[in-house]
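Numbering starts at 1 and runs along the sequence shown.
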Amino acid sequence: MNGKKVMLTIQGEKKEYPAGTSFLRIAQDYSDAYQDDIVLVLYNRRLRELNKCADGDGTVEFLTTADKTGKKAYRRSVTLLMQKAVYNLWGKGNISVRVKYSIGQGNYCELVKWENDTEEVVKVSGTEINKLKNEMYQMVVSDIEIHKESINTDDAVTLFHDLGMTDKEKLFRYRRSSRVNIYELDHYMDYFYGFMVPSTGYLRYYDVIPYADGFMLQFPDKNTREVAPFAPAEKLFHTLKTSRDWGKMLEIDTIGALNDAIAAGKTQQMILTQEALFEERIGRLAEEIVSAKDRKFIMIAGPSSSGKTTFSHRLSIQLAAKGLNPHPFPLDDYYRNRDTCPRDENGELDLECLDALDVELFNHDMNELLAGKTVNLPIFNFKTGKREYKDKLMTLGKDDVLVIEGIHGLNDKLSYSLPIESKFKIYISALTQLNIDEHNCLPTTDGRLIRRIVRDARTRGTSAKETIAMWDSVRRGEEKYIFPFQEGADVMFNSALIYELAVLKMYAEPLLFAIDKDCQEYLEAKRLLKFLDYFLPMPSDGINQNSILREFIGGSCFNV
């Protein structure tokens, strides 16, 4: 180090360290000041792993497992730990692991083996789960270093070919960057979409739980030192599995496979096939509603940017084709006047809580309709913040149904007085059919955030910076008011299109590049840009006017 010193500003105070001191060593001086484990740092506003060094003056901010970025690094590292344990136990038998999808606070994984050029799932027993947990624990106790190496992209393609990781091999054929960061844990090598913790000793909180044909790799949530309980979500699991099976049938189940299809000029075929499937599924859903009989209230709910508006219109068209008379309308019209709306702990209007709606009025009006009476339905004026009545008269005849779309549609407290047999509840979300590769899930949340960035910039003039800034609040509302009720839906509908991120890329990238490096939202923008860089761009020319994607990129025939 030659006696050279660097001056670092940490927690508002200046402190001197020898040049070349690792952030791991610096973090040790501050670990007692944090309730959660420090796993990454921001050095001069640039994200760095703890085993990197401070080679000049600057600012240091610590990120813990309670921070969104730190939480993701922890989960990636636990996934690598699990992969290495699988390799140690069963690698010689040519058994490997696939990380299939994210469910709640964990990842669903399956062991697979190639037999006669076919990938077969190897069902996991309780004994094998215990072996896996023990192997992972032994590596945690051993505190093995997680080493990173930058290699040439062509060499990475060759490496993953030799390792039999064909999804990664395909992915990196389309990588623009000339170099790739590879992580190595005790001679086991892989690529991950983001940074890691320094060593396995950090990975003390996880669980492995048998589920379906595989297992859940379960992580902590808000309490970072306690594994979140696993609550099986059978409908969500079935919907994810059906969507992935369909993608696999088309041979487009990863980003690399999607890029292959785009490069081969199959975009129009993909669009037509996807929309045909979409229409078929909506048609089957309409038939189910008709056959259920006496369902007067079609309640639709789902998280932000799921395409609820377009879906409600398309479902209404299918219901009309089958002889019903559907009337779409939003629950937003039952908002309380702003001067009586509840406020959150910060004194801000809480528009996402159930009490923001006039639940009593909603139940009164719906029961009146059920009784065959004519009701003057309200219309909420968002400019004045008040409900208005403009002779929006409604009477429910024999074939009339209300298609009601809103955040609380699945919560029975909203429609507490309506007979159960009068309601048909639909949960809709964009549950992508793609994975990044064998071991990296494509987060459905990222897909919805990119949808929203594009839509809000087009329809509301909201910058990507503003959308990212409010996203955590949106997510908290979803976790509180939507996700707890999803399994109570009669039907779960996946609104994701297999090619959509390749299309959204062209709209989202300029918006994300506009975020300045000094902004708090820059790190998230940079992460999303890196994510989008994996996709080949795909033009939107051939996308139908009634496509759910048009709700976000524009050109919808539904005027959304």
Side-chain angles (χ1 to χ4, degrees), residues 45 47 67-69 71-72 102 176 193-194 255 258 262 302-311 351-352 382 407 428-434 436 440-479 482-483 494-541 543 547-556 558-560:
R45 297 297 299 160
L47 194 61
D67 298 303
K68 183 165 62 174
T69 303
K71 180 188 287 187
K72 289 178 178 177
S102 174
R176 291 189 181 94
Y193 171 52
I255 296 176
L258 173 64
I262 294 170
S304 174
S305 303
S306 293
K308 294 183 288 292
T309 305
T310 298
F311 172 76
L351 300 177
E352 295 187 334
F382 283 88
I407 184 173
I428 177 172
S429 188
L431 305 167
T432 179
Q433 300 94 332
L434 297 175
I436 297 174
N440 290 274
C441 294
L442 196 160
T444 59
T445 303
D446 284 353
R448 291 193 293 109
L449 174 54
I450 290 167
R451 277 183 171 189
R452 180 153 178 166
I453 286 170
V454 172
R455 183 196 64 193
D456 284 6
R458 178 180 64 83
T459 62
R460 302 175 186 177
T462 306
S463 68
K465 176 182 177 298
E466 292 170 306
T467 300
I468 291 172
M470 71 174 74
W471 189 243
D472 283 345
S473 174
V474 171
R475 294 278 292 124
R476 284 193 295 272
E478 293 170 352
E479 289 172 4
I482 298 177
F483 298 148
N494 182 7
S495 70
L497 301 169
I498 206 163
Y499 55 81
E500 68 175 69
L501 285 163
V503 176
L504 289 166
K505 168 190 174 86
M506 303 174 71
Y507 296 84
E509 282 184 337
L511 301 171
L512 291 166
F513 275 119
I515 297 178
D516 191 82
K517 288 186 177 181
D518 295 331
C519 294
Q520 191 172 351
E521 295 75 23
Y522 174 73
L523 280 179
E524 182 70 349
K526 186 177 179 182
R527 184 185 72 83
L528 291 173
L529 283 167
K530 181 183 177 183
F531 170 56
L532 288 170
D533 197 47
Y534 291 116
F535 293 86
L536 287 182
M538 178 173 153
S540 60
D541 301 352
I543 297 173
S547 173
I548 213 151
L549 193 53
R550 289 289 177 191
E551 183 171 328
F552 305 96
I553 65 174
S556 173
F558 298 122
N559 195 28
V560 293

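- Remark: E509 engages K505, F513, L529, L532 in a side chain to side chain contact (heavy atoms under 4.5 Å, CB included) (not counting sequence neighbours).
- Partners of L511 by side chain to side chain contact (heavy atoms under 4.5 Å, CB included), not counting sequence neighbours, listed by chain and number: I453, A457, A464.
- Looking at residues two or more places apart in sequence or on another chain, you find no side-chain hydrogen bond (donor to acceptor under 3.5 Å, both in side chains) involving T462.
- E551 pairs by the salt bridge (charged side-chain N to carboxylate O under 4.0 Å, His left out) definition with nothing, not counting sequence neighbours.
- For the pair K308 (side chain) and I428 (backbone), a donor-acceptor distance under 3.5 Å is absent.
- For the salt bridge (charged side-chain N to carboxylate O under 4.0 Å, His left out) test, residues two or more places apart in sequence or in another chain that qualify with R45 are E61.
- Partners of R475 by salt bridge (charged side-chain N to carboxylate O under 4.0 Å, His left out), not counting sequence neighbours, listed by chain and number: E478, E479.
- The side-chain hydrogen bond (donor to acceptor under 3.5 Å, both in side chains) check on K526 picks up nothing, with sequence neighbours excluded.
- Legend: residues meeting side-chain hydrogen bond (donor to acceptor under 3.5 Å, both in side chains) with E466, ordered by chain and number and at least two apart, are S463.
- Between M506 and P510, the shortest heavy-atom distance links the atoms O-CD, 3.5 Å.
- For the side chain to side chain contact (heavy atoms under 4.5 Å, CB included) test, no residue two or more places apart in sequence or in another chain qualifies with N559.
- Within the structure, the side-chain hydrogen bond (donor to acceptor under 3.5 Å, both in side chains) test picks out the following pairs touching residues 527-541 (sequence neighbours left out): R176-D533, Y191-Y534, D446-R527, Y507-S540, E524-R527.
- Listed by chain and residue number, E352, Y481, I482 satisfy the side chain to side chain contact (heavy atoms under 4.5 Å, CB included) test with I407 (two or more places apart in sequence, or in another chain).
- Every side-chain hydrogen bond (donor to acceptor under 3.5 Å, both in side chains) that E500 has, sequence neighbours left out, goes to R451.
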